[in-house]
Amino acid sequence: MAKQVHTKGESSIKRSRFFKHFFTYLFLIFLSLIIIYPLLITILTAFKNSDVVAFTLSFQGPWTLKNFHELFATTLYGKWYWNTLVISVATMVILVAVVTLAGYTYSRYSFAGRKWSLTFFLVVQMVPTMAALTAFYVLGMLLNGLDHYWFLTLIYIGGGIPMNTWLMKGYFDTVPYDFDESAKLDGAGNFTIFWKIVMPLVKPMIAVQALWAFMGPFGDFMLARYLLREESNLTVAVGLQEFISDPKDQQVALFAAGAILIALPICALFFYLQKYFVTGLTAGGSKG
Amino acid sequence: MVELNLEHIYKKYDNADDYSVTDFNLDIKDREFIVFVGPSGCGKSTTLRMIAGLEDITKGELKIDGSIVNDEAPKDRDIAMVFQNYALYPHMTVYDNMAFGLKLRKYSKEKIDKQVHHAADILGLEEYLDRKPAALSGGQRQRVALGRAIVRDAPIFLLDEPLSNLDAKLRVTMRAQVAKLHQDLKTTTIYVTHDQTEAMTMADRIVVMKDGKVQQIGTPQEVYDQPTNVFVGGFIGSPAMNFFNVTLDGQYIYDEGKNFNLKVPEGCLKVLKEKGYDKQKLIFGIRPEDMHTEQAFIETFPESQVKATVSVSELLGAESQLYSKVGDTEFVCKVDARDFVQPGTEVTVGVDLNKAHFFDLKSEESVY
Amino acid sequence: MKKNPNKALWLSFIPGLGQYYNGQKLKAGIFLGAFAIFVVEMIFFGWSALTGLITLGTVPMRDHSMFLMVKGTLQLLILVIFILFYVLNIRDAKKTALELNAGHRVPISFNEMRESLGTNGFPYLLTMPAYLLMIFTIILPVLVTLFMAFTNYDFDHIPPAQLIDWSGLLNFKNMFFLSTYRATFGAVFSWTLIWTFCATTLQIVLGIFTAVVAHQDFIKFKRIFGIIFLLPWAVPAFVTIMSFSNIFNDSAGAINVQVIPFLNHIFFTHIPQISWMTDPFWTKVALIMIQGWLGFPYIYVLVTGILQSISDDLYEAATIDGATAIQKFNNITLPAIFSVAAPTFVTQYTFNFNNFSIIYLFNNGGPGDVGGGAGNSDILISWIYKLTTNTTPQYGLASAVTIIISVIVIGVSLIVFKKTNAFKMEG
């Protein structure tokens, strides 16, 4: 009798465990399909003839590399790509340098106005600066910065400073002050402490910051579209949209090919740096 | 030769109202092993950090070999320090950790190599030189931290609670190792700890601190035998000294509820009376090991007995500790293992009044 | 040799004199020089710039109202910086006098000053580039936008041919009381709120749910799922949004051509093709779903990190106390997630509030028109873009909307951050 009850209980546990596993995997697989489906459509379309009309998942050929060839031969895609790279690299280098210095200062030094200016950073970071379109336009006109990359780059850099300084400060804070003091006694000066002791320890965060700074200009539409006028001066995001912006003449295959060439390197960088993200996220998250 | 003088040192942090360290005076002789001991927040670490140059000195003078170094940068004071959390640079190997200070001081490659290997040899770290700190055990990290200080060959050695992160057994081993290091290197050493056992076993002189003030400076024996006040008496020694509020009447002292009546020895009595404590209240202190339960002692001193009930008793192998209560006062006596009794037992305890300490009730300063 | 601190203070009402009195001749020279430069700048440029800001020009073609406004704003910033310097100069004189009296050494020679700057000024030196960049790329544009919101800058008033004038609260009045704009503002604003709430909540819920489900111990191929779930974050958003815009295409997109027929085939249903791009309701539904797709990985990664940091002891203790799975989730998991991630969640809401890319790239704010140049799926920020870029631009009105957005975003963030104690920072 007792034994029967026992087996009955066991089988109900087994059954509920089966349902748990079943629905868990069902959810995970379903979600995976939803994620992969649109990406796969784009990837496959890039290798289809340029006259495809439907933007759907289809494993039927013929397959071709013609789109990629056409992209560079007949459109300004190569130029746009180069423009974006120039802006992105400049933004990345300068932004990371500026933000690292500022974050380090806020983490390591106490000085008059520190607390006040940190709060200022936090508030400024919330201002949707890109909405100040007209102001940027007039400023650009006044400084002869319209259609020039330096102007756009400066805006990207400035906009990234407050938020990223906060993140950087939060990460610098995780490096114990003991290291600085120990190095001080070892005879290290301010610069040596910064360069030889603290910097090597925040490398991961700097890599993440660099990636984000690099991706920023790739993703921006509003400013790039408004402040860059010449067709040949566009960034790749704005240019790419031209392929599909006309509902009557959508070049989906060309678009797909162009999209892949952008997404691939960024994806690769992303996954390469992925393991540092959680640390950066939680450090930044808990510090605001 | 290196001497250190701390003269009327004060420390006040910017955002604090009170001084963290008040009027700290100490002359440290060459090759001396000084231990700062006190509860957390007593200012011992702050003082150490002021000596290192990691904190500004608010007031007073710090002299190394006679010259004032208040405004000198840490690196110019030629001081080596071991941090509580070791502060080993995680991105450098053990070798590089030890060599870092020497490289910054522009030593030649050969000399650095020689000194690092010498230090590693002393501490048994040779086989770990290529590892990074993360791959070391707690004890090994501790030794690297010591090694990093040793290679520098600095004349002054500061250690800030260096053993507090180790487990009990390792702590005893490392304690011996640090003591031996000092014997071999003969470096002037200042050691900060909250553990009175470390202070007692290692120090040439102990500085007991509380609330930013120096309570007593002396050899371990002095501090143990002649505590200057109730705090020092209670802080040094384990288990802590027992205290009773008593009244001196004639030749005797008795407690509030007259639960005991103890005869004070002649010499002591004379001093107390001269100081005007006759018919006055004072604090009577007696160490647990000066309270006896063996029959012979009790019979010899029939007028030094306390009857009490044991509430907790601990058998520690060679000895046992009886936590008892008389009136409202709890006390502990350390007796022979043979004299172990179960809780609840009523015991007669003989008090060795030749070892008694007396303190003023108000000021808590020692009066005998 | 006692100095009178008050005398030093009063003297430095002309910068430098107090320092001279304190014996810091070089510093006095520098301060006096800075003061002189400011006065000269004020006479030759500053004064006209400030009056220009007030008048916004008097003669068309000669005066460019917008340039005058930018220059005037810049001058205003210079003035503020000078006032800061002026106050610090006065405080410095008094402080130095007090220090001299207390017997401290103060830097006098060039070398001493350089040394003192090297230690005390180091933090300022390091943050200087950040401040300079922010002044020109954030503060100045935001101030100009703020001023612009109170002008009549629009397609009828394009400098330099026409002058722009201060119009007080007219733009705000129009937005709230002029029937056409009021309707537009109401429609756009309410959709912005719905959009922000639905899209963000969807991505947060989906992110937390996925993290919790994928965190279970028994799951095999965890790494593979982990990589797949990161893909929407790894692929640049603008690429996927544009892909989605194709996928949701009414006639040729995969959803209508492939997914719906497939579902009908499997479940024997008869769902008709949906007008994703032409029906406002379905465009909005699609937008919210796409943002959920795009935004959940970020939350998923964050929450997975938090889940890994929760000690198993807690769950085991709860199991022994007899807690059910749901009770454990509500009492252990959720509080842990929110205590760490709450500020991030708030930034997700404010991000979507201003998520221009998805609105613009998916359907260009369309379909249709709700007046004032805004489409049915336009949110405030994309409306601003349209007000600025269409053929009859309304710059002043756009600026007014920008101000309103900023006030909302900053206000909400500040309140929530204060509540969640994100301000709590050491020292």
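Worth knowing before you read on, the calculation uses all heavy atoms, side chains too, and leaves out hydrogens, waters and symmetry mates.
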Option in A/Leu185, A/Asp178, A/Val175, A/Asp180 with maximal non-hydrogen atom pairs under 4.5 Å from chain B: A/Leu185

Output field: ring centroids B/Phe36/B/Phe24 closer than 6.0 Å: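 Under 6.0 Å, so yes.
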
Test of ring centre spacing under 6.0 Å for B/Tyr191 and B/Phe157: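 No, the ring of B/Tyr191 stays outside the 6.0 Å limit from the ring of B/Phe157, centre to centre.
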
Presence of salt bridge, B/Lys103 and B/Asp96, under 4.0 angstrom: yes

NZ/NE/NH1/NH2 to OD/OE distance under 4.0 Å, B/Arg49 and A/Glu181: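 Salt bridge: yes.
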
Within residues 119-149 of chain B or reaching into it, pairs that qualify as ring-ring contact (aromatic ring centres under 6.0 Å, His included) - sequence neighbours excluded: none

Contacting region of B/Phe83 [heavy-atom separation from chain A under 4.5 Å]: side chain

Chain B contact via A/Lys196 - side chain, backbone, both or neither, heavy atoms under 4.5 Å: both

Under 4.5 Å from a heavy atom of chain B, the part of A/Ser110 involved: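 Neither the backbone nor the side chain of A/Ser110 comes within 4.5 Å of chain B.
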
Leading residue by heavy atom contact count with chain A [cutoff under 4.5 Å; candidates B/Leu88, B/Leu102, B/Asp76, B/Leu158]: B/Leu88

